[in-house]
Amino acid sequence: MARILSRQFFNRSAVSVAPELLGKFLVRKRKGVIENYLITETEAYDGPNDLASHASKGKTKRTEVMFGPAGYWYVYLIYGVYEMLNVVTGPEGYPSAVLIRGVKGVDGPGKLTRQLGITRVFNKKTATKTSGLWIEDRGIVIPKTSIIQTSRIGVAYAGEWVKKPWRFVLKIGSASERRSHAA
DNA sequence: ACGATGATGAAC
DNA sequence: TTCATCATCGTA
C-alpha cells in the first residue's frame, strides 16, 4: 500500500507540503536497485517575495523550474560543493519549493544528495519512477507533537523572512540540533 | 573559525 | 568580463 505522491499532492503551498513530507519515503532507484529513505527534515521556500528563496530574484535560467508546475525536482549546486534537492510545489507561475534536508540516517542536505547520488542531472525531471527518484506515502501518520518547527537554516541574509518557522524536523530518528555560532 | 570550490546574478 | 555571494560540511 505504497502510494507515489502525485503532482496534486505537491500542487499546494510549500508551507503545507513541507511538514507533510515528514514520514514519507524518498525512493531512489539506481543500478536497478530500490533504496528507501524516511524523510526527517524539510524546509519551505514560498513565493516570489520570500527573500530566502532563489525565486525572489525573479525567473532566471536556474530558477525557472520553481515557476513551473508542481512535482518537478529542483537541484542546484551550492558553495561549489554540494547539490541541494528540492521538489517544486504550488501552481504554475507561483515559485515555491520544498528543500529536503535530511532522511533517517543522513543528516544534512549536502550529505543526503552525495549519499544517494543525486546531482543536477535530476534538475527539471519529475518526481516519478521514470526519473529514478520519487516519494511514496506508506501510510505512516506523523502526529503534530512529533514535529519540531524552527526557522530556516543558512538564510541569515533574508531580512524579515529569516523568522519564518518554515523548517520541519521529525523528533524521532535523528536530525540533531547542531549549529554553532560566533558571538 | 574557516576554507574548499564553482555556478549564479548583477554590475561594469 | 569581473566580482561578491552562496538553502553546506569537514577540519581546526
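Values in this document were obtained by computation on a predicted structure and should not be read as measured data.
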Student: Tell me: CD of A:Glu41 to C1' of C:dC9, nearest whole Å?
Tutor: 14 Å

Student: Kindly indicate whether a cation-pi arrangement holds for A:Arg12 with A:Phe10, taking the cut-offs as under 6.0 Å to the six-membered ring centre and within 45° of the axis.
Tutor: no

Student: Under 3.5 Å, sequence neighbours excluded: what are the donor-acceptor pairs made by side chains of residues 52-59 of chain A?
Tutor:
residue	atom	partner	partner atom	Å
A:Ser53	OG	A:Ala55	N	3.1
A:His54	ND1	A:Tyr74	OH	2.7
A:Ser56	OG	A:Ser53	O	2.8

Student: Rounded to the nearest Å, what distance is computed from the OH atom of residue A:Tyr157 to the P atom of nucleotide C:dT8?
Tutor: 8 Å

Student: Holding to salt bridge (charged side-chain N to carboxylate O under 4.0 Å, His left out), I want the full list of residues that pass it with A:Arg7, two or more places apart in sequence or in another chain.
Tutor: none

Student: Look only at the side chain of A:Asn123 and the backbone of A:Val75, and say whether a donor-acceptor pair between them is shorter than 3.5 Å.
Tutor: yes

Student: Within this structure, what is the CH2-to-C1' distance between A:Trp166 and C:dA7, rounded to whole angstrom?
Tutor: 14 Å

Student: Let me know the distance between CG of A:Asp107 and P of C:dC9, rounded to the nearest Å.
Tutor: 8 Å

Student: Let me know the distance between CZ of A:Arg114 and C1' of B:dA4, rounded to the nearest Å.
Tutor: 13 Å

Student: Is a donor on one side and an acceptor on the other found under 3.5 Å between the side chain of A:Trp73 and the backbone of A:Trp134?
Tutor: no

Student: Using Watson-Crick or G-U wobble pairs with both distances under 3.5 Å, give me DNA chain B in dot-bracket, 5' to 3', with [ ] for crossers and | for pairs to another strand.
Tutor: ||||.||||||.

Student: Would you give a per-nucleotide map of nucleotides 5-12 of chain B, 5' to 3', where B means the base has a protein non-hydrogen atom under 4.0 Å away, S means only the sugar-phosphate does, and - means neither?
Tutor: BBSSSS--

Student: Nearest whole Å is fine: how far is C:dT8 P from A:Ile100 CD1?
Tutor: 15 Å

Student: Given 3.5 Å as the limit, does a donor-acceptor pair link the side chain of A:Thr60 with the main chain of A:Thr63, or not?
Tutor: yes

Student: Taking NZ from A:Lys111 and C1' from C:dC9, how many angstroms apart are they, rounded to a whole number?
Tutor: 8 Å

Student: Can you run down the salt bridge (charged side-chain N to carboxylate O under 4.0 Å, His left out) pairs that involve residues 117-132 of chain A, sequence neighbours left out, and say none if there aren't any?
Tutor: A:Glu64-A:Lys124, A:Glu83-A:Arg120

Student: Who pairs with A:Glu35 by salt bridge (charged side-chain N to carboxylate O under 4.0 Å, His left out), at least two apart in sequence or on another chain?
Tutor: A:Arg30

Student: Within the structure, does a side-chain N or O atom of A:Arg167 lie under 4.0 Å from either OP1 or OP2 of C:dA7?
Tutor: no

Student: Taking 4.0 angstrom as the limit, do A:Lys24 and A:Glu136 come out as a salt bridge?
Tutor: no

